[in-house]
Amino acid sequence: MKKMISVLMVLSLFTFVLAACSSKEDGKKKPAKLVVSTWGFADDFFRPEVYAPFEKKHNVEIVVDSGNNADRLNKVRQANSDVDVIYLSDYYAQQGIDEGLFEKIDHSKIPNIDNIYDKAKAPNGEDFGPAYTIAQFGIAYNPDEVNKPITSWKDLWSKDLAGKITIPSITSTTGPMFLDAASKVSGSKEFNEDKAFDQMKKIMPNAVKEYGQTSEFVNMFSQGEIAAGPIMEMYFGDLQEAVPQAKFISPEEGGYAVMNTVNIVKASDQKELAGEFMNYILSKEVQEKSAKAKVDSPVNTEVKLSKTEAKGLTYGDDVISSLRVLDMKFVNQESKQWIDRWNRELTH
């Protein structure tokens with residue numbers, strides 16, 4: 001009997017050891033999962049060049065949830081996704097912050113923040129995520145289709161451009177920036193809503209239509225339906241492919257900074273890993289790769305580009321310093337009123 005009990009004990013111990021080993025091996029094989037919500041463009045660049053090295057180093061599988069700003073933010077609002085990290089323009093990021101959807105950032109755990117432009121460090125406040133890229137909102141035009149070079153926002157109001165331009169919809173990311181430019185053109189030093197809307201009424205005869213998606217601008221420009229309009233510099237390459245002589249200018253009053261941010265979703269169960277990812281995408285290594293591939297303009301000041309490499313990018317301290325930055329908290333507070341007024345006074 002004693003012998004039988006001893007055999008059973010040995011078998012039990014053997015089974016326990018096997019189970020422990022199996023569990024340990026399973027742990028090695030099964031990576032963690034990090035869900036990244038982003039726009040989905042340049043996926044053939046991001047997967048091998050950005051995500052794969054991070055996955056290998058951290059034994060993690062990155063799952064991409066793609067879509068536009070509004071749709072992806074709504075998913076987080078409705079808590080029907082498991083997003084850990086979310087990329088959004090600063091305009092939409094402010095909405096998420098105001099609604100308490102994002103985790104506060106401990107900057108001491110994101111050391112690469114120290115190496116990025118000051119404008120990019122905290123576009124929506126010190127407690128929240130940085131901008132990983134900055135684009136410039138300026139003017140593109142076809143010099144063959146205008147009577148004189150465009151140098152200023154006010155040039156878009158010229159009668160020479162009647163029926164030759166497009167403008168961004170007030171509901172688009174850059175709509176509030178163009179409304180601010182209208183206020184500047186009116187002569188007001190500070191933003192003045194009434195003067196901005198009066199100025200907008202004067203430009204409407206020049207506008208063929210408003211655009212909601214930048215692809216609409218590119219199509220109209222490529223097909224010769226428009227000769228000029230305000231657009232983000234990051235899309236200028238698409239214009240030049242169709243119209244090689246096209247020009248992009250920073251208006252003499254200053255272009256606007258369009259900042260794409262990264263934040264950690266409050267409901268994430270991978271906050272530490274999400275912080276590691278945030279620090280990684282701000283690194284010189286990733287920022288340089290993205291810039292040289294013409295995917296994103298760098299914010300890491302250690303990235304040095306040749307003139308050829310920098311072409312088409314919003315690059316350099318002088319350029320970044322010259323850009324105007326809107327207060328997105330104010331924009332979001334006023335946006336509903338602006339949209340209502342735009343529809344009432346400008347849309348026919």
Side-chain angles (χ1 to χ4, degrees), residues 69 88-95 97-98 117-120 122-125 131 134-141 150-158 161 165-204 206-207 209-214 217 228-236 248-261 314 319-347:
N69 283 289
L88 291 170
S89 72
D90 52 352
Y91 174 72
Y92 284 92
Q94 188 63 52
Q95 294 178 28
I97 291 166
D98 291 343
Y117 293 115
D118 287 345
K119 271 191 170 79
N124 298 111
I134 297 178
Q136 177 177 196
F137 180 59
I139 299 172
Y141 72 99
I150 292 175
T151 60
S152 161
W153 288 113
K154 64 185 177 186
D155 290 338
L156 295 178
W157 271 258
S158 168
L161 293 178
I165 71 167
T166 182
I167 58 173
S169 160
I170 188 62
T171 58
S172 68
T173 297
T174 55
M177 297 175 190
F178 194 60
L179 190 64
D180 186 77
S183 176
K184 289 284 177 196
V185 171
S186 77
S188 178
K189 290 185 179 178
E190 303 296 331
F191 177 74
N192 183 301
E193 181 181 319
D194 290 335
K195 288 185 177 180
F197 272 89
D198 285 344
Q199 201 65 39
M200 287 302 305
K201 290 174 187 173
K202 296 175 183 175
I203 202 173
M204 295 313 279
N206 285 8
K209 64 178 289 189
E210 300 170 19
Y211 70 91
Q213 303 290 329
T214 308
F217 185 117
I231 190 173
M232 286 187 275
E233 189 175 16
M234 62 191 289
Y235 295 101
F236 182 60
F248 180 89
I249 62 112
S250 301
E252 59 190 32
E253 303 93 335
Y256 289 83
V258 182
M259 291 191 268
N260 287 340
T261 68
T314 304
V319 174
I320 298 295
S321 298
S322 72
L323 300 179
R324 294 174 53 74
V325 178
L326 295 190
D327 178 348
M328 286 302 160
K329 196 169 185 64
F330 172 74
V331 169
N332 276 291
Q333 285 172 349
E334 302 298 316
S335 64
K336 184 178 184 307
Q337 177 181 322
W338 292 345
I339 292 168
D340 289 344
R341 189 167 180 180
W342 187 285
N343 291 335
R344 190 170 61 248
E345 299 182 15
L346 303 177
T347 304

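Bear in mind that the values here come from a model prediction, so they are computed numbers and not experimental data. Heads up: numbering here begins at 1 and tracks the sequence.
- Between Ser321 atom OG and Asp118 atom CG the span is 8.5 Å, to the nearest 0.5 Å.
- With rounding to the nearest 0.5 Å, the separation of CD in Glu210 from OG1 in Thr347 is 5.0 Å.
- Annotation: the span from Gln199 atom CD to Ser183 atom OG amounts to 9.0 Å, rounded to 0.5 Å.
- Looking at Tyr91 and Leu326, their side chains never come closer than 4.5 Å, going by heavy atoms from C-beta outward.
- Ring geometry for Trp157 against Phe178 counts as parallel: the plane angle stays under 30°, on a 0 to 90° scale with 60° as the upper cut.
- Residues passing the side chain to side chain donor-acceptor pair (under 3.5 Å) test with Trp153, sequence neighbours excluded: none.
- Surrounding OH of Tyr235 are at most 12 heavy atoms belonging to other residues, nucleotides or ligands under 6.0 Å away.
- For the side-chain contact (heavy atoms from CB on, under 4.5 Å) test with Thr314, the passing option among Met234, Glu233, Met232 is Glu233; the others fail.
- Evaluation of the side chain to side chain donor-acceptor pair (under 3.5 Å) rule for Lys329 yields Asp98 as partners, not counting sequence neighbours.
- In this structure Lys336 satisfies the salt bridge (Lys or Arg N to Asp or Glu O under 4.0 Å) test together with Asp340, sequence neighbours excluded.
- Within the 3.5 Å criterion, the main-chain N or O of Ile320 finds a donor-acceptor partner in the side chain of Lys119.
- The salt bridge (Lys or Arg N to Asp or Glu O under 4.0 Å) pairs that include a residue from residues 173-190 are Asp180-Arg324, where partners are two or more places apart or lie in different chains.
- Residues passing the side chain to side chain donor-acceptor pair (under 3.5 Å) test with Asn124, sequence neighbours excluded: Gln94.
- In this structure, Pro123 and Thr261 have side chains that are in contact, with non-hydrogen atoms separated by less than 4.5 Å.
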Next item on the list: Apply the test side chain to side chain donor-acceptor pair (under 3.5 Å) to residues Thr171 and Ser169: give CA-CA distance (whole Å), side-chain angles for both, the deciding distance (0.1 Å), then the verdict.
Entry: CA-CA 5 Å; Thr171 58; Ser169 160; 2.8 Å; yes
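- The distance from the CG atom of Asp90 to the CG atom of Asn260 is 7.5 Å, given to the nearest 0.5 Å.
- The 12-atom threshold is not exceeded at CD of Gln213, counting heavy atoms of other residues, nucleotides or ligands nearer than 6.0 Å.
- Looking at residues two or more places apart in sequence or on another chain, you find no side chain to side chain donor-acceptor pair (under 3.5 Å) involving Thr174.
- In this structure, the side chains of Ile167 and Met200 come closer than 4.5 Å at one or more pairs of heavy atoms.
- Within the 4.5 Å cutoff, side-chain heavy atoms of Ile203 are placed close to those of Ile165.
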